[in-house]
Amino acid sequence: MTTPYTFDHTAYAGTLQTTYAHLADAEESGVDVRVAGRVMLLRTQGKLAFATLRDSSGEIQLFALAARTEDFAEFAKLHLGDWVGVSGEVVRTKRGELSVKVTRWVLLAQAQHNFGDKWAGITDFDLRYRHREADLWANPSSRQSLARRSLVVRAVRERCWAADFTEVETPMLNAIATGAAARPFTTFHNALDSQFFLRIAPELWLKRLVVGGFERVFELGRVFRNEGVSPRHNPEFTMLELYAAYWNYTDMMAFTEELVAGVASDVLGTTDVTYQGRPFSFAAPWPRRTMAELTSAALGEDVSVHTPRERLAALLDERGVSVHESWGAGRCLAELFEETCEETLWDPIFVTDFPVEVSPLARRHQRDPELTERFESYAAGRELSNGFSELNDPLDQRARFEDQARLSDAGDDEAMRIDEDYIRALEWGLPPTAGLGVGIDRLAMLIADEANIREVIAFPTLKPRRD
RNA sequence: GCGCCGGUAGCUCAAUUGGCAGAGCAUUUGACUCUUAAUCAACAGGUUCCGGGUUCAAGUCCCGGCCGGCGCACCA
């Protein structure tokens, strides 16, 4: 059968609900509208038929009468899921339901499959994620979470633009996967006869743009990490990275809390949220506490990057963490922090002053060369952002990469590889600069109140069917 | 990668100790001029995820595999 190529609609269901909220029972507005969407429910009653129409804005009832509606018999045989366009008057029925009293209608597309259960919708995770299109029209909450993700991305982008950051795009196909500690995906370019890695972070490229004179840049894009899959990890995810010349990590913390609080406010209209039943507030300012302070408080024992490595290792051992021989005091401190503090950090907080050993791209702390001017923000027990004063000394950067190479030789397959082109870029002069990375999916989870990252990704990575 | 749990009609779910594989909704047919998950009547709908095994008999028990959820590990 042939269906129309266009439908000229003049109203949305949700808008009609607010515009005609005043209409009394059995009152007719005298206004004709054209609406389109999917038939979600159908109730026929002899020479009457009621359908629930859903469009992107909400739902409205369609009211068809044999005496008034063209092709009434066909209308009464619509299937759940069919797309229709209708025209008719906005009325409220005797029973109080705002409706479009259908005079003319057209089938826009047939639904050949249906989900059947009007109450439970689709609950099977496998079906929901593999056929998200069905999930989205069967389950309004799925659509809401993805819509909120979209609003988060939009708000992030607009706030970065408003702060004079230039949006840029850097390569996803890289000869070296660097800028973070993660195992990469590999691929191959035939014409260039070369192996490439999908990027694990855009960090080094972005700083090269700062070297080139883009004083404020950001990139909002996909990164790929060949790691495990979990309710909080998808192999490809979206990251915001942002760099500002002349800022240090203190400036960047101030920007970060304003950005995140602003995004929450833009999307939800408030900075007060409830995540998985537990409230917290994104409102700035967030507390700043050093990693050593928090870890000492959790342990009931003063520790720092200067605590003898043997003592830190013993504390880890007590907690069942196996200590690798290549770990120095800095790595041990960071592990202790993750073990004792991370999950307890519910309200947004900045954890500052990370050891040099675990921060190969961050600038040394002005007061302690064993630390860096680095922060991570935490919320709901999870890392939300990561930022630092950027290391701009090419000699120190080379030494840091060489430390990483030693870790790699010691069997750490996530250690960074030395990037000669990046060191050369630093030799051209990187001004004092602060950088920020924010996991957008994680932020969207918080704002959409979702426990599983897949709920804020339209098509999460699944194992291909093999049957 | 490891552990636990799950997979039954298009969808949501039942099935007692191993004993004829069911219901609601959806689909099909019929009734019905204000329904709201409409209601009522009837018909139809199955490789119980896949492959082996035990048994007179397997959705159910055993072995292997596939996919998913959760936890651990890894990470953001």
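Only a predicted model underlies this, so the values are computations on that prediction, with no experimental measurement involved. Letters go in sequence order (proteins before strands), and every chain restarts at 1.
- The interatomic distance linking A:D126 (CG) with B:rG7 (P) rounds to 13 Å, in whole Å.
- For the contact set between residues 315-326 of chain A and RNA chain B, defined by any heavy atom under 4.0 Å, there are no members.
- For A:V210, the side-chain contact (heavy atoms from CB on, under 4.5 Å) test picks out A:V217, A:Y243, A:A245, A:L430, A:P431, A:T433, with sequence neighbours left out.
- Looking only at atom types and distance, the side chain of A:E450 has a donor-acceptor partner in the side chain of A:S145 under 3.5 Å away.
- Using a cutoff of 4.0 Å between basic side-chain nitrogens and carboxylate oxygens, A:K207 and A:E241 are not scored as salt-bridged.
- Side chain to side chain, A:R208 and A:T170 fail the donor-acceptor criterion of an N or O pair below 3.5 Å.
- In this structure, the CZ atom of A:R183 is 16 Å from the C1' atom of B:rA76, given to the nearest Å.
- For the segment residues 129-140 of chain A, residues with any heavy atom less than 4.0 angstrom from an atom of RNA chain B are, sorted by number, A:Y129, A:R130.
- Between B:rG7 and B:rA42, the distance separating the two P atoms is 32 Å to the nearest Å.
- Using Watson-Crick or G-U wobble geometry with both donor-acceptor distances under 3.5 Å, B:rC34 finds no partner in any strand shown.
- Summarising the base pairing, B:rA44 is matched to no nucleotide, lacking a Watson-Crick or G-U wobble pair whose two defining distances lie under 3.5 Å.
- Scanning for side-chain contact (heavy atoms from CB on, under 4.5 Å) contacts around A:R363 gives A:S389, A:N392, A:P432, with sequence neighbours left out.
- A salt bridge links A:R199 to A:E219: one of the charged nitrogens lies within less than 4.0 Å of a carboxylate oxygen.
- A:K47 has no side-chain polar atom (N or O) that falls below the 4.0 Å cut-off from OP1 or OP2 of B:rC32.
- Residue A:N452 has a polar side-chain atom (N or O) positioned under 4.0 Å from OP1 or OP2 of B:rC70.
- Taking 4.5 Å as the limit, every side-chain heavy atom of A:I457 sits out of range of all side-chain heavy atoms of A:R454.
- One interatomic measurement links the two molecules: CG of A:D124 to P of B:rG10, which rounds to 13 Å at whole-angstrom precision.
- Counting only residues at least two apart or on different chains, the salt bridge (Lys or Arg N to Asp or Glu O under 4.0 Å) pairs with a member in residues 330-346 of chain A are A:R331-A:E335.
- If A:T44 and A:I122 are placed on RNA chain B by their nearest nucleotide, the residue sitting closer to the 5' end is A:I122.
- Ring-to-base geometry places A:F237 in a stacked arrangement with B:rA76 (centre distance under 5.5 Å, plane angle under 30°).
- Taking only side-chain atoms of A:R232, from C-beta outward, the nucleotide of B:rG71, B:rC74, B:rC34 with the closest atom is B:rG71.
- For the pair A:E59 CD and B:rU36 C1', the interatomic distance rounds to 11 Å; values are reported in whole Å.
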Name every donor-acceptor pair, under 3.5 Å, that has one atom in a side chain of residues 51-68 of chain A and the other anywhere in the protein, sequence neighbours excluded.
residue : atom : partner : partner atom : Å
A:R54   : NE   : A:E59   : OE2          : 2.9
A:R54   : NH1  : A:W137  : O            : 2.5
A:R54   : NH2  : A:E59   : OE2          : 2.7
A:D55   : OD1  : A:S57   : N            : 2.8
A:D55   : OD1  : A:S57   : OG           : 2.7
A:D55   : OD1  : A:G58   : N            : 3.1
A:D55   : OD2  : A:A13   : N            : 2.8
A:S57   : OG   : A:A13   : N            : 3.3
A:S57   : OG   : A:G14   : N            : 2.7
A:Q61   : OE1  : A:R43   : NH2          : 2.8
A:Q61   : NE2  : A:S99   : OG           : 3.0

Report each atom pair, protein N/O against N/O of nucleotides 43-45 of chain B, whose distance is under 3.5 angstrom.
none

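- Base pairing of B:rC25: its partner is B:rG10, meeting the Watson-Crick or G-U wobble criterion (both donor-acceptor distances under 3.5 Å).
- As the counterpart of B:rG64, B:rC50 is assigned, both hydrogen-bonding distances of the Watson-Crick or G-U wobble pattern falling under 3.5 Å.
- If you take CD of A:E338 and P of B:rC72, they are 14 Å apart, rounded to a whole angstrom.
- Within the 4.0 Å cut-off from OP1 or OP2 of B:rU39, not a single side-chain nitrogen or oxygen of A:R43 is found.
- Judged by ring centres under 5.5 Å apart and planes tilted less than 30 degrees, A:W119 stacks against the six-membered base ring of B:rA37.
- Considering only side-chain N and O atoms, A:H79 lies under 4.0 angstrom from the phosphate OP1 or OP2 of B:rU28.
- Remark: of the listed residues A:Y249, A:W286, A:F255, A:W286 is the sole one forming a ring pair (Phe, Tyr, Trp, His ring centres under 6.0 Å) with A:F350.
- Across all strands shown, B:rG71 is found opposite B:rC2 as a Watson-Crick or G-U wobble partner, with both distances under 3.5 Å.
- With a cut-off of 3.5 Å on both pairing distances, B:rC20 has no Watson-Crick or G-U wobble partner at all.
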Taking only N/O atoms, report every protein-nucleotides 21-24 of chain B pair under 3.5 Å with atom names and distance.
residue : atom : partner : partner atom : Å
B:rG24  : N2   : A:D117  : OD2          : 2.9

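- Candidate nucleotides B:rA76, B:rU12, B:rC34 were compared by shortest atom distance to the side chain of A:F50, and B:rC34 ranks first.
- When Watson-Crick and G-U wobble pairs are counted only if both distances are under 3.5 Å, B:rA15 pairs with no nucleotide at all.
- Residue A:Q45 places none of its side-chain N or O atoms closer than 4.0 Å to OP1 or OP2 of B:rU33.
- For residues 23-40 of chain A, every residue pair satisfying the side-chain hydrogen bond (donor to acceptor under 3.5 Å, both in side chains) rule, not counting sequence neighbours, is listed here: A:E28-A:K101.
- Annotation: salt bridge (charged side-chain N to carboxylate O under 4.0 Å, His left out) contacts of A:R406 (sequence neighbours excluded): A:D403.
- If you check B:rA37, B:rA76, B:rU36 against the side chain of A:Q61, the one that comes closest is B:rU36.
- Listed pair A:K101 / B:rC34 fails the phosphate criterion, with no side-chain N or O lying under 4.0 Å from OP1 or OP2.
- Checked against B:rA26, B:rG71, B:rG68, the side chain of A:F125 finds its nearest nucleotide in B:rG68.
- Heavy-atom contacts from other residues, nucleotides or ligands closer than 6.0 Å to CD of A:Q112 number 12 or fewer.
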Name the atoms and distances for all side-chain donor-acceptor pairs under 3.5 Å in residues 70-81 of chain A, with sequence neighbours left out.
none

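- Surrounding OH of A:Y12 are at most 12 heavy atoms belonging to other residues, nucleotides or ligands under 6.0 Å away.
- Using atom C1' as the reference point in both B:rU39 and B:rG18, the two lie 41 Å apart (nearest Å).
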Side-chain donor-acceptor distances from residues 178-187 of chain A under 3.5 Å, at least two apart:
none

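- Atom CZ in A:R68 sits about 14 Å away from atom C1' in B:rC34, given to the nearest Å.
- In this structure, CG of A:L48 is placed 15 Å from P of B:rA31, rounded to the nearest angstrom.
- Comparing the C1' positions of B:rG46 and B:rG59 gives a spacing of 11 Å, expressed to the nearest Å.
- Contact check, A:K463 against B:rC67: a side-chain N or O comes under 4.0 Å of OP1 or OP2.
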